[in-house]
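Only this structure's heavy atoms are used, side chains among them; waters, hydrogens and symmetry mates stay out.
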Amino acid sequence: MLRPRAPPPGRAMPDPASPVVTRIAPSPTGKLHIGNARTALFNWLYARHTGGTFLLRVEDTDRERSTAENVEVIFEGFAWLGLDFDAAPVFQHARADRHRAAAAEMLARGSAYRDYMTPEELAEERERARAEGRTIRSPWRDAPAPAGAGKPFVVRLKAPREGETLVEDLVKGPVVFRNDQLDDLILLRADGSPTYNLAVVVDDHEMGITHVIRGDDHLNNAARQTLIYQALGWGPPAFAHLPLIHGPDGAKLSKRHGAEAVSDFAGMGYLPEALRNYLARLGWGHGDDEIFSDAQAISWFEIADVVSAPARLDWAKLNHVNQHYIRLADDARLAGLVDEVLKSREAHRPPDLAERLARAIPVVKEGAKTILELADLVLFALKERPVAVDEKLKAALAGEGRERLGRLALALSDASDWSAEGMAGTLKRFAEGEGVGLGKVGPILRPILAAGAVAPDLASALFALGRAEALARIQEVLSHVQ
RNA sequence: GGGCCCUUCGUCUAUCGGUUAGGACAUCAGAUUUUCAAUCUGGGAAGAGGGGUUCGACUCCCCUAGGGCCUGCCA
């Protein structure tokens, strides 16, 4: 279940001469947030750009939320998005011993201490500190261990109170934090389990991560983590903090905006290559380039070109990009995707579905912004006979309408060129022969071809339906409305 | 409350002291047209506000305003 994927064929192995190692470190909460997906994309692009290595670390130290199913969701999300890793995933929980060892090391060095404050005392101190506009302070920072063994304690970093900590961020530039603003963060909980900030530092260091590219929300953590690196005597990696993705209204992206997980986007009919292109453009740019291939993005990607301001998700533009990639997509692949949509909708799937889709998809794919739309556009070709004759069609067929449809059926069955162009010509000649405009032909033909669904222009619809089906639909209506 | 980050058309962005501030999506108008879509042509649309620095600021500095993140024995 949790095995590494083989590197896809055609992609070069990591260049051992490149020192760059990046990672994405999601926590298995049950979904893969789109913001995490973009962070992963940037890490992937940078690793590929430099010939470096791209790694996955599952931050599963929260044993409550971390389940095998949730971990699988993450793997599936990245696989769908098309991001590949260069090694098997690292599970943070499995490395707890390493984290504890690092804490012990800091304790031994005197750069960490045991804090015996009770949760209640801590809560009080937090309240006082906030009121006074300062960080929390533990009385145990410089005090000897209390008498009587067995008192529970957490291990805290003994952070410097003087001076400043500098984070040289590749996106934000130099960011200075006053050390008295940074608190003695907890390294080990009372149960001995490592906390996030400790685990991240130890894992990034031991995995050889050279560039920590992650969300903006970790910029403050970068300062705290820098302190841990120093306490351990390690050099920190390069940091690059990406601005967050917000919803169209500027607020933090959430379910409320219609989608927040990559599975949501997949379910809404977006193609992974479209999402990659759109996401890359959100917060990064290469001049005026809007539509570009993975290869181009990889060759162009520089952290220096990452934008520093947060971006809003724009459905309209995502749709536009997706439409572009749908046009480019292979028809058979689209047919498969449409079929999945039909299945999930429990829609009617005629026995000759494959042939119908093969004929109709190339005709209507130009106008589809999502696979969901494509499934709608193709519906007219999936309807089985007989076509329902509604009041509107009945009205159109009244009087000379029926006679005209009869003559049209004849003209169509005589047609030798059943292509979209051929049909356009046939229709035009027919209208001329009738001495009327196409406006007199559309109302009687369209409902029959559309069969209650949305249909493309008459000629395209005829072509998409195919000679046999189109003629049959007309004949049945003809014999039905005597 | 405190710390940190951010601020160019509605949106994503280009500009890296001197431009009629460019492009894309969206939007509007026109063309095309058997509906819708697509397509083509054209138009409107921006440097948050205030101070500096400079011969010259969107660009550099400061202040204000607004938005965001962090401030957990979550990650």
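- Comparing B/A75, B/U34, B/C12 by their closest approach to the side chain of A/Asp457 singles out B/U34.
- Considering CG of A/Leu397 and CG of A/Leu393, their distance stands at 4.5 Å, rounded to 0.5 Å.
- Nucleic acid contact for A/Lys369: sugar-phosphate only, since backbone atoms but no base atoms lie under 4.0 Å from a heavy atom of the residue.
- Rounded to whole angstrom, the span from the CG atom of A/Leu244 across to the P atom of B/C12 amounts to 14 Å.
- For A/Lys317, taking side-chain heavy atoms from C-beta onward, the closest of the listed nucleotides B/G23, B/U34, B/A14 is B/G23.
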Review item, nucleotides 1-5 of chain B N/O atoms under 3.5 Å of protein N/O:
{"from": "B/G1", "atom 1": "N7", "to": "A/Arg130", "atom 2": "NH2", "distance (Å)": "3.2"}
{"from": "B/G1", "atom 1": "O6", "to": "A/Arg130", "atom 2": "NH1", "distance (Å)": "3.4"}
{"from": "B/G1", "atom 1": "O6", "to": "A/Arg130", "atom 2": "NH2", "distance (Å)": "3.1"}
{"from": "B/G2", "atom 1": "O2'", "to": "A/Gln181", "atom 2": "OE1", "distance (Å)": "3.0"}
{"from": "B/G3", "atom 1": "N2", "to": "A/Asn220", "atom 2": "OD1", "distance (Å)": "3.3"}
{"from": "B/G3", "atom 1": "N2", "to": "A/Asn220", "atom 2": "ND2", "distance (Å)": "3.0"}
{"from": "B/C5", "atom 1": "O2'", "to": "A/Lys172", "atom 2": "NZ", "distance (Å)": "2.8"}

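- Within the nucleic acid shown, A/Val307 comes within 4.0 Å of sugar-phosphate atoms alone, with no base atom in reach, counting heavy atoms only.
- Nearest nucleotide to the A/Asp288 side chain, out of B/A75, B/G22, B/C12: B/G22.
- Set against B/C73, B/C12, B/C25, the side chain of A/His320 has B/C25 as its closest nucleotide.
- Salt-bridge annotation for A/Arg224 and A/Asp183: present, with a side-chain N of the basic residue lying under 4.0 Å from a carboxylate O of the acidic one.
- Proximity of A/Arg38 to the phosphate of B/C12: no side-chain N or O atom is located under 4.0 Å from OP1 or OP2.
- Not one side-chain nitrogen or oxygen of A/Thr195 sits closer than 4.0 Å to the OP1 or OP2 atom of B/C73.
- Using a 4.0 Å heavy-atom distance criterion, A/Gly437 is classed as making no nucleic acid contact.
- The nearest whole Å value for the distance from the NE2 atom in A/His286 to the P atom in B/C12 is 21 Å.
- Nearest nucleotide to the A/Arg446 side chain, out of B/U11, B/U34, B/U7: B/U34.
- Taking only side-chain nitrogens and oxygens, A/Arg126 comes nearer than 4.0 Å to OP1 or OP2 of B/C73.
- Between A/Arg312 and the phosphate of B/G10, there is no side-chain N or O to OP1/OP2 separation shorter than 4.0 Å.
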